[in-house]
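Here is the naming used below: chain letters follow the sequence lines, and residue numbers restart at 1 for every chain.
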There are 2 protein chains.
Amino acid sequence: MRLRGEIKRRRIIEAADKLFYQQGYQQTSFTEIAAASSLNRGNFYYYFKTKDDILRAVIQMRYQQLQSMLASWDEEFTDPKERMKHLGYFIQSQEDNLVHYGCPQGTLISELSKEQSSLYSEATELLDVVLKWLEKQFKALDYADKSSIMAMRFLAKIQGISLLANVYRNKEFLQHEICDLLAWLDKV
Amino acid sequence: MRLRGEIKRRRIIEAADKLFYQQGYQQTSFTEIAAASSLNRGNFYYYFKTKDDILRAVIQMRYQQLQSMLASWDEEFTDPKERMKHLGYFIQSQEDNLVHYGCPQGTLISELSKEQSSLYSEATELLDVVLKWLEKQFKALDYADKSSIMAMRFLAKIQGISLLANVYRNKEFLQHEICDLLAWLDKV
DNA sequence: GTCTATACGCCGATAGAC
DNA sequence: GTCTATCGGCGTATAGAC
C-alpha cells in the first residue's frame with residue numbers, strides 16, 4: 001500500500017537522521033539503521049538503493065525542518081533582532097544534544113568535507129539556508145552590503161560555541177556564550 | 001638497526017598524521033598509510049599493533065609540536081598579547097590547509113567525539129594545551145578568575161572561524177576574521 | 001512488499017617463512 | 001626486521017523465493 005510505504009520510508013529517514021547525528025555518517029551502517037527502524041536488512045533496499053540515497057533524504061528532511069522553523073519566526077516576529085534571538089533560544093533549548101553530539105549541520109558538513117563526496121555540496125545547503133536567513137535579517141536592519149559578513153560572523157560564533165561546548169561537554173559555557181551573543185546582537 | 005627503525009616509525013606517524021588530517025581517521029585505512037610511507041602492509045605491524053596505536057602516536061606528535069610552538073612564543077615575546085597574536089599569525093599562514101581540511105585539532109576531536117573511543121579524551125588534550133596556554137596569557141594580563149572564560153572564548157572564536165572558512169572554502173573570511181580577532185585582543 | 005540467503009570486497013589483524 | 005599469504009568479520013549490495 002502506498003501510504004504504509006511512505007510511513008516506513010519516513011521511519012527509516014528518521015532513524016538514519018538520529019544515528020548519523022549521534023554516531024556520524026561513516027560510522028553508521030545499514031544494519032544499524034535497519035535495526036533502529038525495525039526493518040529487515042533485505043527489505044531495506046526496496047526503499048533506498050544506496051547509503052548515499054539515505055543521506056540525501058536525511059539532508060532534505062533536515063533542510064525542510066530548518067526552513068519551516070526559520071519561516072515561523074519570520075511570521076511570528078516583525079523585529080529582525082527578535083527573530084535572530086529566537087535562533088539563540090532554540091540553540092539553548094538543544095543543550096543536551098549539542099554538548100553530546102555537536103551542531104547537527106556543522107558536524108555533518110565537517111565530516112563530509114573530509115571525504116571526496118558529491119554530498120558535501122548538498123550538505124552545505126543546511127548551513128546556507130541559515131546563512132541566507134541571517135543575511136535577510138541583517139538586510140532588514142539596514143546593514144546593506146555588510147549583511148553578508150555579519151551573517152557569516154554570527155554563524156561562526158554559533159559554530160565556535162557549539163564546538164567547544166561539545167568538546168568539553170560544557171552546558172554552562174553554551175548557555176553563557178549564547179546569552180553573550182544575544183547581548184552582542186542588541187548592541188550592533 | 002635501532003636508528004633506522006626509529007626513522008621508519010617516524011615516517012609512518014608523519015604519513016598517518018597527514019592522512020588522518022586530510023581524510024579523517026575512520027576514512028583512512030592501514031593500506032593507505034602503508035602506501036604513503038612506502039612500507040609493506042605486513043611489516044607495518046612490527047611498528048604498530050593496532051590502528052588506535054598509530055592515532056595515539058599521531059596525537060602525541062601533534063601535542064609536542066603544539067607545545068614547542070607555544071613555548072617558543074613564550075620565550076620570544078614578553079607581552080602576552082603579542083604571544084597570542086602570533087597564534088593568529090600562525091593560523092593565517094595555514095590558510096590553505098585550513099580551508100581544505102579544517103582545524104587539525106578541532107576536526108579530529110569532533111570526529112572522535114562521535115564514536116565511543118577512549119582516544120577521544122586523549123585527543124581533547126590537543127585543544128587543552130592551547131586552552132591552558134591562552135589561560136596563562138590572560139592570567140599574565142591580570143584577568144585572574146576571568147582568564148579561563150576568556151581563553152575558552154578565544155578558542156571558540158578560532159574554531160568558529162576555521163569551521164566556516166572550511167565549509168565555504170573561504171580564505172578571505174579566514175584572513176579578515178583573524179585580523180578582527182587580533183583587533184579585539186588589543187581592546188580587551 | 002517482505003524475507004532469506006548470499007555475493008564480493010575491504011577492513012584490521014595474524015602466522016610464519018626468510 | 002621484512003616479506004607473503006591468509007584469516008575472520010563486517011561493510012554494501014544483490015538475487016530471487018514467497
Side-chain angles (χ1 to χ4, degrees), chain A residues 1-59 108 111-112 114-120 122, chain B residues 1-20 22-59 108 111-112 114-120 122-123:
Chain A
M1 235 223 297
R2 178 72 182 157
L3 187 62
R4 277 190 56 77
E6 283 303 312
I7 289 170
K8 281 209 176 179
R9 209 186 125 91
R10 177 87 187 178
R11 215 167 59 197
I12 293 170
I13 297 171
E14 279 167 1
D17 177 47
K18 193 174 171 183
L19 287 167
F20 289 167
Y21 178 40
Q22 295 180 347
Q23 311 186 358
Y25 174 62
Q26 315 259 6
Q27 191 84 343
T28 303
S29 71
F30 265 75
T31 313
E32 286 173 300
I33 302 171
S37 50
S38 313
L39 220 78
N40 185 285
R41 271 236 329 267
N43 190 16
F44 208 97
Y45 289 88
Y46 173 77
Y47 295 97
F48 294 98
K49 299 292 166 233
T50 68
K51 200 179 164 186
D52 277 5
D53 282 341
I54 305 177
L55 181 55
R56 234 178 293 270
V58 167
I59 289 172
L108 176 66
E111 181 184 346
L112 295 178
K114 297 238 171 185
E115 55 171 343
Q116 67 300 11
S117 165
S118 62
L119 283 155
Y120 165 72
E122 293 184 44
Chain B
M1 235 226 294
R2 178 74 183 154
L3 188 61
R4 277 190 57 79
E6 282 303 310
I7 288 171
K8 280 208 176 180
R9 209 185 125 90
R10 177 86 187 178
R11 215 167 58 197
I12 292 170
I13 297 171
E14 279 167 1
D17 177 47
K18 194 174 171 184
L19 287 167
F20 289 165
Q22 295 180 346
Q23 312 185 356
Y25 174 62
Q26 315 259 5
Q27 190 83 344
T28 303
S29 71
F30 265 68
T31 312
E32 286 174 300
I33 302 171
S37 50
S38 313
L39 219 78
N40 185 285
R41 271 237 328 269
N43 190 15
F44 208 96
Y45 289 87
Y46 173 76
Y47 295 97
F48 293 99
K49 299 292 166 232
T50 69
K51 200 180 165 187
D52 277 4
D53 282 342
I54 305 178
L55 180 56
R56 233 178 293 270
V58 167
I59 289 172
L108 176 66
E111 181 184 346
L112 295 178
K114 297 237 171 187
E115 55 171 342
Q116 67 301 11
S117 165
S118 63
L119 282 154
Y120 165 72
E122 293 185 43

J.: Calculate the interatomic distance between A/I7 atom CD1 and C/dG1 atom C1'; express it in whole Å.
T.: 15 Å

J.: How many Å lie between OH on B/Y46 and C1' on D/dT4, as a whole number?
T.: 19 Å

J.: OP1 or OP2 of C/dG1 sitting under 4.0 Å from any side-chain N/O of A/Y47?
T.: no

J.: Could you tell me how far apart A/Q23 (CD) and D/dC10 (P) are, to the nearest whole angstrom?
T.: 15 Å

J.: Please list, chain by chain and in numerical order, all residues satisfying side chain to side chain contact (heavy atoms under 4.5 Å, CB included) with B/D52, sequence neighbours excluded.
T.: B/Y25, B/T50, B/R56, B/L119

J.: Tell me: CZ of B/R9 to C1' of D/dG1, nearest whole Å?
T.: 15 Å

J.: Could you state the CZ-P distance from B/F48 to D/dG1, rounded to the nearest angstrom?
T.: 13 Å

J.: Sugar-phosphate atoms are those with a prime plus P, OP1 and OP2; base atoms are the rest. Using that split, label each nucleotide of nucleotides 4-18 of chain C B, S or - for protein heavy atoms under 4.0 Å, 5' to 3'.
T.: B-B----SBBB----

J.: Which residues pass the side chain to side chain contact (heavy atoms under 4.5 Å, CB included) test with A/Y120, sequence neighbours left out?
T.: A/I109, A/L112, A/S113, A/T124, B/R169

J.: How long is the line joining CD1 of A/I33 and P of D/dG11, in whole Å?
T.: 11 Å

J.: With sequence neighbours excluded, what pairs up with B/A36 under the side chain to side chain contact (heavy atoms under 4.5 Å, CB included) test?
T.: B/A15, B/L19

J.: Can you confirm whether more than 12 heavy atoms, excluding those of B/K18, are under 6.0 Å from its NZ atom?
T.: no

J.: Which residue pairs pass the salt bridge (Lys or Arg N to Asp or Glu O under 4.0 Å) test with at least one member in residues 27-39 of chain A, sequence neighbours excluded?
T.: none

J.: Which residues satisfy the side chain to side chain contact (heavy atoms under 4.5 Å, CB included) test with A/E14, sequence neighbours excluded?
T.: A/R10, A/M61

J.: Rounded to whole Å, please give me the gap between CZ in A/F44 and C1' in D/dA15.
T.: 19 Å

